[in-house]
Amino acid sequence: MADEAEVEQPAVPAGEGAQTPALSKSARKKLQKQERQAERKAARKAAEKERRRADVERRRREWEEALAAAPSDEARAEMVAARRETRRERVGRRAEERGARAERLRRAAEGAGQKVVLDLEFADLMRPNEIHSLTQQIMYCYAVNGRSANPAHLWLTGCSGEMATHLQRIPGYDKWIIEKAAKPYLEAFEDRKENLVYLTADAETVLDDLDMSKIYIIGGLVDRNRWKGITLKKAAEQGVQSAKLPIGNYLKMSSSQVLTVNQVFEIMLKFVETRDWKTAFFHVIPQRKRGEAEAGDDEAKVSLDDDGDAAEGTPNGDLSEEDLKKVFDGELDDGGDKELEDEETGMSNKRQCVRREDAGAGDQDHPGAVAEATPAGVEATAQAEQARESNDGGED
């Protein structure tokens with residue numbers, strides 16, 4: 001406790017005789033760990049950037065060589081036309097996929113989907129970087145829900161103040177097919193309170209199955225373990241049922257015992273699809289966190305309401321570039337129509353064709369912020385870039 005008190009001590013103002021307070025041993029270790037994590041994160045980012053640059057260059061070189069090897073101008077024109085047609089077909093397929101996602105989400109909202117609430121009433125307990133992390137997790141939830149064959153009927157409740165401000169910055173957010181309520185879930189579901197179930201690892205009840213008549217609540221709290229047990233306390237005070245996922249029946253967590261909002265949500269989606277908890281856990285929980293299967297419940301208490309393992313830019317904090325890319329790869333077609341336009345007007349110029357091939361390759365590798373079920377989602381690519389840049393600042 002003495003060490004913690006020393007860490008929280010305010011800095012002495014600069015001036016005559018002022019001295020910088022010495023860091024405690026635990027504070028120094030924490031600082032060194034953060035520095036190592038920041039270095040590893042920067043190295044991973046640089047390596048990924050170089051890999052993508054090399055890949056774009058390779059594709060450009062191959063396209064350039066193929067054009068140069070064409071026996072005639074007509075053959076080159078045919079190559080460009082074939083490539084243009086392939087892209088047109090890809091753009092068409094993606095438009096169909098967006099329409100299908102939108103239809104699935106609408107059906108879920110009309111009653112076909114499992115009801116899930118993200119409780120966003122904890123914004124006043126979070127730091128700015130933690131609110132940013134939660135915003136990314138919500139983006140991930142929406143993207144995964146849109147891609148699911150059996151999407152949930154997803155609500156955001158308590159969506160006001162700083163939390164609402166962050167979400168409104170996501171391009172296309174206003175067109176998300178999702179329920180949004182500034183009021184708390186108790187008010188939003190005042191006539192269905194008996195159907196509310198708050199998911200928290202501190203609950204005594206183990207969730208054996210998902211009930212379509214129930215409304216499951218996931219606490220939207222990224223707090224670095226400062227507010228342990230807060231969701232169970234909230235549910236108890238409000239007279240709301242609580243339960244925990246049966247993770248301990250299937251896994252012994254090998255490292256951090258923390259799941260994020262998006263991981264809990266994706267586990268629920270996978271269970272709806274497979275009706276198998278073990279499959280859902282092994283599909284979603286990273287291998288680095290998984291221990292032995294069939295472990296006892298007391299061996300793996302997983303927190304569903306906080307985020308204490310945000311150290312390395314993994315999904316247990318700010319979503320990493322790799323994780324965002326995994327969700328959004330192949331989902332975006334921003335620039336697709338423009339590519340077709342550009343090639344229509346510049347087909348006679350070999351260099352222009354090569355440059356546009358370069359641009360096309362870049363688009364394939366460029367992750368967006370939201371896998372939107374409507375055309376507004378493609379506007380979110382700039383937000384993903386901003387999210388990745390802000391991730392580079394590290395975590396508290």
Side-chain angles (χ1 to χ4, degrees), residues 48-105 139 142-144 146-149 170-172 175-177 321-388:
E48 175 63 14
K49 184 175 181 181
E50 176 58 26
R51 185 198 66 76
R52 291 172 61 191
R53 187 204 63 77
D55 192 46
V56 168
E57 180 59 32
R58 176 185 59 78
R59 295 183 192 185
R60 180 170 56 191
R61 185 172 61 252
E62 290 174 353
W63 174 244
E64 194 171 32
E65 290 171 354
L67 284 178
S72 65
D73 288 344
E74 285 123 359
R76 277 191 287 274
E78 288 176 4
M79 289 172 62
V80 173
R83 198 166 190 82
R84 186 170 61 245
E85 181 59 28
T86 298
R87 285 183 176 170
R88 183 179 288 112
E89 291 174 358
R90 185 177 70 234
V91 169
R93 284 196 302 271
R94 288 177 177 173
E96 291 177 4
E97 289 167 5
R98 285 200 307 274
R101 284 198 299 272
E103 181 59 29
R104 290 196 301 270
L105 289 171
M139 288 157 51
Y142 185 72
V144 172
R147 294 178 64 179
S148 173
I170 303 173
K175 296 184 180 179
W176 282 14
I177 303 177
E321 184 169 340
E322 179 182 354
D323 292 307
L324 282 172
K325 187 174 185 297
K326 180 175 67 176
V327 174
F328 302 117
D329 247 4
E331 299 270 339
L332 300 177
D333 59 344
D334 53 318
D337 293 326
K338 186 176 186 302
E339 286 175 1
L340 300 179
E341 249 179 60
D342 288 346
E343 287 192 359
E344 290 283 357
T345 58
M347 187 173 67
S348 61
N349 189 314
K350 174 181 171 183
R351 283 292 177 186
Q352 286 179 339
C353 292
V354 172
R355 283 199 300 272
R356 283 169 190 112
E357 167 60 12
D358 183 11
D363 281 346
Q364 292 171 2
D365 285 330
H366 183 67
V370 173
E372 176 56 68
T374 67
V378 300
E379 301 169 5
T381 53
Q383 178 69 14
E385 290 296 331
Q386 294 171 5
R388 291 203 307 274

Query raised in the report: Between E85 and R88, is a salt bridge (Lys or Arg N to Asp or Glu O under 4.0 Å) present by the stated rule, with each step listed?
Result: CA-CA 5 Å; E85 181 59 28; R88 183 179 288 112; 2.9 Å; yes
Report task. Given salt bridge (Lys or Arg N to Asp or Glu O under 4.0 Å), test R76 with D73 step by step and report yes or no. Result -> CA-CA 5 Å; R76 277 191 287 274; D73 288 344; 2.3 Å; yes
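Annotation: salt bridge (charged side-chain N to carboxylate O under 4.0 Å, His left out) contacts of E89 (sequence neighbours excluded): none.
For the pair E48 and R51, the salt-bridge criterion is met [side-chain N within less than 4.0 Å of a carboxylate O]. Salt bridge E64/R61: absent, no basic N to carboxylate O contact under 4.0 Å. A salt bridge does not link E96 to R93: none of the charged nitrogens lies less than 4.0 Å from a carboxylate oxygen. Electrostatic pairing of E62 and R58 counts as a salt bridge here, judged by a charged N lying under 4.0 Å from a carboxylate O.
Among all heavy-atom pairs drawn from M79 and A70, the shortest one is SD-CB, 3.9 Å. The two atoms that bring R147 and R101 nearest to each other are N-CD, 4.1 Å, heavy atoms only. Contact record, L105 with Y142: CD1-OH, 3.7 Å, taken as the closest heavy-atom pair.
Separating the CD atom in E50 from the CD atom in E57 is a distance of 10.5 Å, to the nearest 0.5 Å.
A distance-only check finds no donor-acceptor pair linking the side chain of S148 to the backbone of V144 [under 3.5 Å].
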